[in-house]
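To start, the structure itself, in structure tokens.
So that the names make sense, note that chain A is the first sequence line, chain B the second, and so on, each numbered from 1. Values in this document were obtained by computation on a predicted structure and should not be read as measured data.
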Amino acid sequence: MKIFNTLTGTKEEFVPITPGKASIYACGPTVYDYFHIGNARPFIIFDTLRRYLEYQGYQVTFVQNFTDIDDKMIQRANREGITVAELGERFIAEYKKDAEGLGIRPASVHPRATEHIPQIIQMIQTLVEKGYAYEIDGDVYFRTKQFQEYGKLSHQPLEELEAGARIGVDERKEDAMDFAVWKKQKEGEPAWESPWGMGRPGWHIECSVMANQYLGHTIDIHCGGRDLIFPHHENEIAQSECCNGVPFAHYWMHNGYINIDHKKMSKSAGNFFTVRDIAKEFDYPVMRMFMLSAHYRSPINFSKELMSQAKASLERIETCIDTLTFLRRGQDAPLTQEEQALMEKDYTARFEQAMDDDLNTADALSVVFDMVRDINTLINDGQPHSHQLTEHFLKEFEVFSGVLGLFGQKKEQGLDGEIDALIQQRQEARKAKNYQEADRIRDLLKEQGILLEDTPQGVKWRRE
RNA sequence: GGCGCCAUAGCCAAGUGGUAAGGCAGAGGCCUGCAAAGCCUUUAUCCCCCGGUUCAAAUCCGGGUGGCGCCUCCA
């Protein structure tokens with residue numbers, strides 16, 4: 001597949017370091033609160049990347065960290081009167097609930113910063129020894145001037161970065177662009193012992209260390225949100241490459257933002273919706289549908305209206321799957337020419353072509369919709385259809401579903417005695433042309449969230 | 001100030017040199033006891049504007065206009 005590589009600014013064919021294997025590092029959440037839908041975008045997108053690479057036969061090692069020590073963690077923990085560790089535990093658990101709902105599979109490893117303090121200290125020590133980092137009164141900074149390639153990911157000339165640097169920088173630093181890799185303990189902060197005294201790691205160093213530990217010196221793909229390009233990812237590159245002397249990651253992938261009223265959603269701006277809150281109004285898969293309906297690098301505007309659109313779209317696919325499932329339970333029929341012809345159409349090839357093109361999920365979904373319409377057109381006649389046909393397309397949906405992490409997850413509805421009895425009763429009433437009674441039963445079921453559809457093949461029902 | 005992105009129908013969104021995919025919403029029709037679901041038809045002579053290159057441009061180049069982002073914690 002082709003990947004747009006932020007490092008080179010071009011689309012490139014993905015060639016892994018080790019044939020048949022792919023190593024991916026994705027920056028995970030800081031677990032100080034529920035995550036918002038802007039945070040959810042990279043989780044969903046890169047989970048889809050992982051699924052697609054696995055579908056293509058790669059053995060994928062996917063690492064996503066939990067940042068469980070930083071300023072925000074400390075603030076929040078203090079505010080709630082609990083320890084940073086307790087806060088972390090709590091929101092890691094909450095992350096997992098939302099992630100599961102969104103169809104985000106657990107990573108191969110979910111390392112936590114606080115569980116890698118010795119390794120972090122060791123990497124900092126190496127950097128200090130090599131002259132890439134220096135200590136000032138318990139703080140340790142990275143010497144950006146020492147790394148010639150600093151700025152290669154964000155494509156910013158170092159001088160210009162300096163020109164834009166803010167006032168209020170720590171005057172003790174050798175250079176305004178230098179960043180902290182180790183922070184001296186302040187009053188009331190959790191801290192660990194180190195060669196530079198009590199302190200805690202800077203933000204950027206944890207990713208360098210954990211990527212290194214679980215994936216090696218050089219990894220295939222590193223991904224995250226666009227806002228991490230500078231300085232976070234730039235700093236990761238500096239630390240890792242100066243420490244190990246080899247390229248850190250071959251491919252860098254960055255997703256676009258989620259906007260609200262065309263402005264970037266962010267915690268600090270306050271214009272955000274948590275995934276947990278949206279889930280009260282829309283099912284989790286609707287959020288995933290929303291995310292996948294546009295290309296991952298484009299910014300997308302979030303609104304309830306767009307969620308409703310995503311919901312209706314998703315239902316269109318689910319309904320088609322439901323109908324196929326329903327037909328498969330019903331009467332079989334010999335395979336017709338039309339059915340044969342439809343089964344020979346190669347939706348999979350088009351789907352793969354779209355996904356191969358830098359994960360074009362919007363285009364891939366359009367293939368699914370084409371298939372849905374073609375199936376519906378064929379089975380619209382109310383006749384029984386070959387089980388061979390229904391099997392074929394249910395399998396096709398399963399493939400697409402496995403890659404996108406969407407639709408078709410619902411378990412086949414078991415036979416429910418009570419519902420069946422009522423449906424039976426209603427059928428009797430209909431036969432006797434007692435439509436008042438028939439409608440009464442239909443309304444009764446509707447109140448319980450059971451929707452009925454009368455089809456020539458029998459009565460089909462679905463929940464919600 | 002530096003660097004960069006985006007502009008396609010009422011809404012969303014693919015397409016990036018060969019004559020506008022797909023979804024949502026709307027309208028009309030078919031089907032239905034009525035519904036629901038679905039199907040069919042319909043909705044951009046045209047892709048922000050102005051120039052240019054080309055046999056050919058929404059797609060490339062130049063210039064505008066509008067919107068957004070990074071340079072600071074941020075997915």
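- Using modelled atom types and a 3.5 Å distance limit, the side chains of A:Y32 and A:D70 yield no donor-acceptor pair.
- On the C1' atoms, B:A9 is 14 Å away from B:U45, given to the nearest whole Å.
- Scanning RNA chain B for stems, defined as runs of 3 or more consecutive Watson-Crick or G-U wobble pairs whose donor-acceptor distances all fall under 3.5 Å, gives the following ranges: B:1-7 with B:65-71, B:10-12 with B:22-24, B:26-30 with B:38-42, B:48-52 with B:60-64.
- Each of A:T319 and A:G224 lies near RNA chain B, and the nucleotide nearest A:T319 is the one positioned closer to the 5' end.
- Take A:R226 and apply the salt bridge (Lys or Arg N to Asp or Glu O under 4.0 Å) test, not counting sequence neighbours, and it matches no residue.
- Remark: A:R226 is not in phosphate contact with B:C70, judged by side-chain N or O atoms under 4.0 Å from OP1 or OP2.
- Between A:K264 and A:D227, at least one side-chain nitrogen of the basic residue sits less than 4.0 Å from a carboxylate oxygen of the acidic one, meeting the salt-bridge criterion.
- If you check every strand for non-hydrogen atoms under 4.0 Å, A:G256 touches a base.
- Within 4.0 Å (heavy atoms only), A:N376 reaches sugar-phosphate atoms of the nucleic acid but no base atom.
- The aromatic ring centroids of A:H254 and A:H233 lie less than 6.0 Å from each other.
- Checking A:F66, A:Y25, A:F43, A:F62 one by one against A:H110, the ring pair (Phe, Tyr, Trp, His ring centres under 6.0 Å) holds for a single residue, A:F66.
- Where A:G225 and A:S154 meet RNA chain B, the nucleotide closest to each residue was compared, and A:S154 sits on the side nearer the 5' end.
- The distance between atom CD of A:Q156 and atom P of B:U72, rounded to the nearest whole Å, is 9 Å.
- Put simply, CE on A:M291 is 19 Å from C1' on B:A14, counting in whole angstrom units.
- Side chains of A:H116 and A:E206: a donor-acceptor N/O pair is absent below 3.5 angstrom, by distance only.
- The CG-P distance, from A:D261 to B:G66, rounds to 20 Å in whole Å.
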Using nucleotides 46-48 of chain B, report all nitrogen or oxygen pairs with the protein that are shorter than 3.5 Å.
none

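- Between A:F4 atom CZ and B:G4 atom C1' the separation is 11 Å, expressed in whole Å.
- Checked for salt-bridge contact, A:D454 and A:R430 meet the test: a charged N lies under 4.0 Å from a carboxylate O.
- In this model, a donor atom of one side chain and an acceptor atom of the other lie less than 3.5 Å apart for A:N65 and A:T67.
- Comparing B:C70 with B:A14, their C1' atoms sit 27 Å apart, to the nearest whole Å.
- When rounded to the nearest whole Å, the span between CG of A:D454 and C1' of B:G33 equals 10 Å.
- Residues from residues 432-449 of chain A that place a heavy atom under 4.0 Å from any atom of RNA chain B, listed by number: A:Y435, A:D439, A:R442.
- Of the residues in residues 92-107 of chain A, none has a non-hydrogen atom less than 4.0 angstrom from any atom of RNA chain B.
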Between N or O atoms, less than 3.5 Å apart, protein on one side and nucleotides 9-13 of chain B on the other: list the pairs.
unit_1	atom_1	unit_2	atom_2	d
B:C11	O2'	A:Q309	NE2	3.4
B:C11	O2	A:Q309	OE1	3.4
B:C11	O2	A:Q309	NE2	3.1

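- Taking atom P on both nucleotides, B:G22 is separated from B:C39 by 13 Å, rounded to a whole Å.
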